[in-house]
**Q** 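I have a structure I would like to understand better, so I am pasting it below and will then ask my questions one at a time.
Residue numbers start from 1 in every chain, and the chains themselves are labelled A, B, ... in the order their sequence lines are given, proteins ahead of strands. As the structure is a computational prediction, the values presented were derived from the model and not from experiment.
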There are 2 protein chains.
Amino acid sequence: MARKRGSHSDITGPKVREAALRLFARSGYAAVSMRQIAAEVGLQAGALYSYTADKQSLLFDLMREHLDDLNSSVDAETGQDTPIDQLEGFVRHHIRFHKSRAAAVFIAYMELRNLEPDNFATIEGLRRDYERRLEAILRRGQESGDFRPADPRVTAMALIGLLAGLTQWYRETGRLGIDEIEEIYWDLVRHAVRV
Amino acid sequence: MARKRGSHSDITGPKVREAALRLFARSGYAAVSMRQIAAEVGLQAGALYSYTADKQSLLFDLMREHLDDLNSSVDAETGQDTPIDQLEGFVRHHIRFHKSRAAAVFIAYMELRNLEPDNFATIEGLRRDYERRLEAILRRGQESGDFRPADPRVTAMALIGLLAGLTQWYRETGRLGIDEIEEIYWDLVRHAVRV
DNA sequence: GTCTATAACCGGATAGAC
DNA sequence: GTCTATCCGGTTATAGAC
């Protein structure tokens, strides 16, 4: 097949980001070279710099896009009336979202330390926004008497840890499907906080 | 001060491991160079190879020692009679152990992907041993009727995620002390699994 | 046991041809 | 838009002097 000519930035750009996502998730940001990313897309290393300023921007853009998507999509799933329904929406959305974007989720949790200071502050802010959504649900549930009284911040971080841990061990090929795991997790969370 | 001469391997060896632990935890294995570790101890890079075969062995030895300690120490805290007491021992031990060795814990969770295949298999086996201890406690508690029926493997992984998440956000200088957090976490776990 | 020096290699990023 | 070629600095690991 002849080498393609002409403009492909609208196709190649996404392909570069997808390759970076896949490789960063598999090997870690620091262990992946620009040459590897280029080879995955079928380019020479130099050509990558038409699509990204540098390696750091590649990581930062991936993380920011992921967290923006996460925050906007969770709002659509937590619009119910009661705190218990809101919590259920949050938990189920987290699990389904994190299954469908396992690589991005993994990067967002593992590569924080490879962000330069300014980028780190931005990403940390987006993570904090997500945590606060859960914290607010817990606070409302305590005020309504649906949830046992407990520090909302610590409880939110504990529950996010529980949910986030899924990416560490869940595999598509495992014994249980994501639907069964979703039920078990929701059951645990519900009993953990309800009166 | 004059440069020290003669044999110091019994002092320098541990200092090398401590420096590696600190630096790996702070910056990540891939981002730390042998030169940095050497500088931290006050050696030249070449001299490190008197104390370790290579950088990989440094990581592997740190992780194996940590997980061996974790597994043997948790047994001493989960020897109680009832499953609920065993679970409480497991949770409280995890939190205290992980606070006292934050750097090693962080490495054991973050640097798995930087282990070479054989080393990875060994470390993964030790992690699995730890998970199985919790799984066994949950299974006994279900058989005795103390815990609600729920898949013990998935429940164990969920609870370990909850506990392990602590290292991602807990800071010594934070609003709450580790004792208060320990109580909140134990309260969550207890309600999550009890009938 | 630790040093200096060096081998052999790989990293990100850029310049200029096409 | 992509290529080749290159810069320059970094990496792990080893050899041999002291």
Side-chain angles (χ1 to χ4, degrees), chain A residues 1-24 26-63 107 111 113-119, chain B residues 1-21 23-24 26-62 107 111 113-119:
Chain A
M1 186 166 103
R3 191 170 64 78
K4 302 188 191 70
R5 301 303 302 265
S7 171
H8 294 287
S9 72
D10 53 339
I11 299 174
T12 310
K15 280 174 74 175
V16 168
R17 286 192 289 278
E18 283 158 24
L21 182 75
R22 198 165 41 244
L23 290 172
F24 289 164
R26 187 192 305 156
S27 311
Y29 174 79
V32 173
S33 70
M34 294 297 270
R35 286 174 174 83
Q36 277 178 272
I37 298 170
E40 189 90 356
V41 184
L43 297 177
Q44 293 299 315
L48 290 179
Y49 292 87
S50 302
Y51 303 99
T52 181
D54 51 23
K55 193 184 171 188
Q56 171 72 197
S57 299
L58 219 35
L59 176 64
F60 174 64
D61 290 343
L62 287 172
M63 292 177 78
I107 289 171
E111 301 297 351
R113 68 168 118 194
N114 286 308
L115 290 169
E116 289 164 8
D118 282 1
N119 292 341
Chain B
M1 186 167 104
R3 191 172 63 80
K4 299 189 193 70
R5 300 302 302 265
S7 172
H8 294 288
S9 72
D10 53 340
I11 299 175
T12 309
K15 280 174 73 174
V16 168
R17 286 192 289 278
E18 283 158 24
L21 182 75
L23 290 172
F24 288 166
R26 187 192 304 156
S27 311
Y29 174 78
V32 173
S33 70
M34 294 297 268
R35 284 178 175 82
Q36 278 178 275
I37 298 170
E40 190 89 356
V41 184
L43 297 178
Q44 295 298 315
L48 289 180
Y49 292 86
S50 302
Y51 304 99
T52 182
D54 51 23
K55 192 184 171 189
Q56 172 73 197
S57 298
L58 218 36
L59 176 64
F60 175 64
D61 290 343
L62 287 173
I107 289 171
E111 302 296 352
R113 68 168 117 193
N114 286 308
L115 290 170
E116 290 164 7
D118 283 1
N119 292 341

**Q** May I have the distance from L58(A) (atom CG) to dA13(C) (atom P), rounded to whole angstrom?
**A** 10 Å
**Q** In whole angstroms, how far is the P atom of dG12(C) from the CD1 atom of I37(A)?
**A** 8 Å
**Q** What's the separation between atom CG in L59(B) and atom OG1 in T52(B), rounded to the nearest 0.5 Å?
**A** 10.0 Å
**Q** Can you figure out which of dA13(C), dC3(C), dC3(D) approaches the side chain of L43(B) most closely?
**A** dC3(C)
**Q** Please report the distance, rounded to the nearest Å, between CD1 in I11(B) and P in dG1(C).
**A** 12 Å
**Q** Both Q44(A) and A53(B) contact DNA chain D. Which one's nearest nucleotide lies toward the 5' end?
**A** Q44(A)
**Q** Would you say I37(B) and L58(B) make side-chain contact, with heavy atoms under 4.5 Å?
**A** yes
**Q** What's the closest nucleotide to the M34(B) side chain, out of dT12(D), dA13(C), dC3(D)?
**A** dT12(D)
**Q** Judged by atom type as modelled, is there a donor-acceptor pair below 3.5 Å linking the side chain of Q56(A) to the main-chain atoms of N114(A)?
**A** yes
**Q** So does E111(A) pair up with K55(A), basic N to acidic O under 4.0 Å?
**A** no
**Q** Choosing from dG12(C), dT12(D), dT4(D), which nucleotide comes nearest the side chain of S33(B)?
**A** dT12(D)
**Q** Expressed as a whole number of angstroms, how long is the span from Q56(B):CD to dT11(D):P?
**A** 18 Å
**Q** Under 4.0 Å, heavy atoms only, any strand: does V32(A) hit a base, just the sugar-phosphate, or nothing?
**A** sugar-phosphate
**Q** From the set dC3(C), dA13(D), dT14(C), return the single nucleotide nearest to any side-chain atom of Y49(A).
**A** dT14(C)
**Q** Can you say whether a donor on the side chain of R35(B) sits under 3.5 Å from an acceptor on the base of dG10(D), or the other way round?
**A** no
**Q** Tell me: CD of E116(B) to P of dT12(D), nearest whole Å?
**A** 13 Å
**Q** Let's see if you can work this out: which of dC3(D), dA13(D), dT4(C) has an atom nearest to the side-chain heavy atoms of A47(A)?
**A** dC3(D)
**Q** For a 4.5 angstrom cut-off between non-hydrogen side-chain atoms, does F60(B) reach E116(B)?
**A** no
**Q** What is the distance, to the nearest angstrom, from the CG atom on L59(B) to the C1' atom on dT12(D)?
**A** 15 Å
